[in-house]
Amino acid sequence: MKMFVVFVILVHVSQNASAVELYEGEEFVLLLCEFQTFELDDPTVVWSRYDLNPPTVHQRQQEGDELKDQNQLYSGRTSMMADALETGDLSLNLTKLRLSDSGTYTCTVRSLWEELRVRDIQLQVKERFPSWAKALLVLLVLGLIVGGLLVHFRQYFMSVYQVEVYSGVESVLLPCKTTVHLPEDVTVEWRDSDNMKVHVYQNGSDQPEEQNQYYRDRTEMKRNLLEPGDLSLTLKYPTDRDIDIYTCTVYNREGKILMKKQVLVKVKVCQVEVEEGAESVQLPFKTTADMPEDAGVRWRRIEPEPIINVHVYQNSSDQPEIQNQDYKDRTEMNEDLLKTGDLSLTLKSPKERDTGTYYCYVYNKNIWREKIVKLTVRGRTRNRSSSIDPTPLMADQSV
Ligand SMILES: *[C@@H]1O[C@H](CO)[C@@H](O)[C@H](O)[C@H]1NC(C)=O
């Protein structure tokens with residue numbers, strides 16, 4: 001008899017092992033087990049998990065549920081059909097599923113003489129939000145944070161930092177920062193891509209006599225004692241001529257390079273639009289104030305060809321005799337223009353044919369500033385082109 005029972009157990013286990021998969025938080029799962037117990041003496045059904053201590057998940061005997069040996073994990077979460085021992089439906093209803101419910105559930109029937117291991121069920125309770133997805137989310141968040149930091153501190157990581165400003169702004173900041181401790185007596189050199197010196201800082205002060213005339217009075221590199229690693233340069237009144245890659249190089253006393261950073265400065269070309277018939281239009285150009293008395297100013301139209309003088313100011317007065325006839329009596333500049341640095345040109349009664357690229361420069365032997373302004377004067381008659389068309393046609397016919 002014992003031998004036979006053992007045989008039965010083996011058969012049952014191998015044939016009825018099954019697996020159930022579901023997600024945590026699920027209302028309930030029914031672990032199926034069927035075995036006719038009515039012919040057994042005083043049968044007891046035990047659901048167990050042998051990887052737990054105590055292993056009992058649920059126990060049912062003739063008198064009813066016997067839960068004093070039940071593992072605490074399952075307290076209040078298990079039930080079996082009331083008439084399980086009569087019908088042979090020994091299924092276990094396990095509710096409020098948790099991750100820790102994963103394991104092998106064994107349905108065993110005991111009687112006075114026998115013990116039958118009826119069924120093994122593999123239950124796998126999965127996370128709603130699986131751990132790989134959590135890991136992915138964590139990576140994503142980390143990535144965002146790192147990305148954000150990189151953007152925020154990009155001048156520390158990227159070789160070329162970019163700044164873009166509109167032509168006409170007062171100044172543009174060219175960042176050059178390091179968190180590394182720099183010695184007191186460093187030399188800082190800012191150069192443009194033509195290798196011209198934009199700004200030199202040495203022995204604790206600026207060295208303006210070293211810089212190119214184009215940059216004279218237009219740069220500022222304030223060393224802040226609280227932030228000794230900040231060697232950023234302020235470039236005043238940037239114009240399209242300043243579009244360039246600037247290099248900040250820091251040397252120690254022995255001339256060894258401690259740091260090198262690059263900044264790409266983009267300046268949007270100044271665009272002015274006006275409709276024909278307007279009283280006047282202003283071509284703006286504001287630059288550093290207090291320019292030398294002997295500086296000359298020239299406003300020229302460089303496109304379309306030919307290049308012509310639109311307005312000339314020299315020796316402290318306008319020079320209408322070297323002005324193009326088209327612009328005679330139509331241009332005006334502010335008084336005290338060298339003192340204020342406002343070199344804007346007022347063009348009266350703009351015409352469609354005034355459309356073009358204007359170029360202004362101010363200079364003396366120490367100073368050079370320039371700016372481009374693109375002027376568009378829209379004509380009031382829209383279909384002007386159709387009235388022009390016949391001319392080339394007639395020319396063709398005459399050939
Ligand atoms: C399992 O038990 C829950 C809670 O008592 C109940 O809502 C659900 O209907 C039961 N499932 C079955 C199949 O008996």
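We count ligands from 1, going down the list as the structure has it; atoms in each ligand are counted the same way. Residue indices begin at 1 and follow the sequence shown.
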Original post:
Side chains of R301 and Y327: do they bring a donor and an acceptor to under 3.5 Å?
Top reply: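 Result is yes, a qualifying pair exists.
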**OP:** For T95 and R77, test the side chains for any donor-to-acceptor distance below 3.5 angstrom and give the result as yes or no.
**Re:**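 No, because no side-chain N or O of T95 sits under 3.5 Å from a partner of the opposite role on R77.
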**OP:** For atom OH of Y50, decide whether the heavy atoms of other residues, nucleotides or ligands shown that lie under 6.0 angstrom number more than 12.
**Re:**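 Yes, the 6.0 Å shell around OH holds more than 12 heavy atoms from other groups.
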Subject >> Common cluster, V165/V373, ILVMFWY with side-chain heavy-atom separation under 4.5 Å >> reply: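 They do not share one cluster, since no chain of ILVMFWY contacts under 4.5 Å joins V165 to V373.
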**OP:** Answer yes or no: is there a side-chain heavy-atom contact under 4.5 Å between C360 and V297?
**Re:**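 Yes - at least one pair of side-chain heavy atoms lies under 4.5 Å apart.
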Original post:
List by chain and number: which residues place a heavy atom under 4.0 Å from ligand 1?
Top reply: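 If the criterion is a heavy atom under 4.0 Å, then ligand 1 touches F28, L30, N93, T95.
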Subject >> Member of R369, R218, K236, R216 meeting the side chain to side chain donor-acceptor pair (under 3.5 Å) criterion with T288 >> reply: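 Of the listed options, the one satisfying the test is R369.
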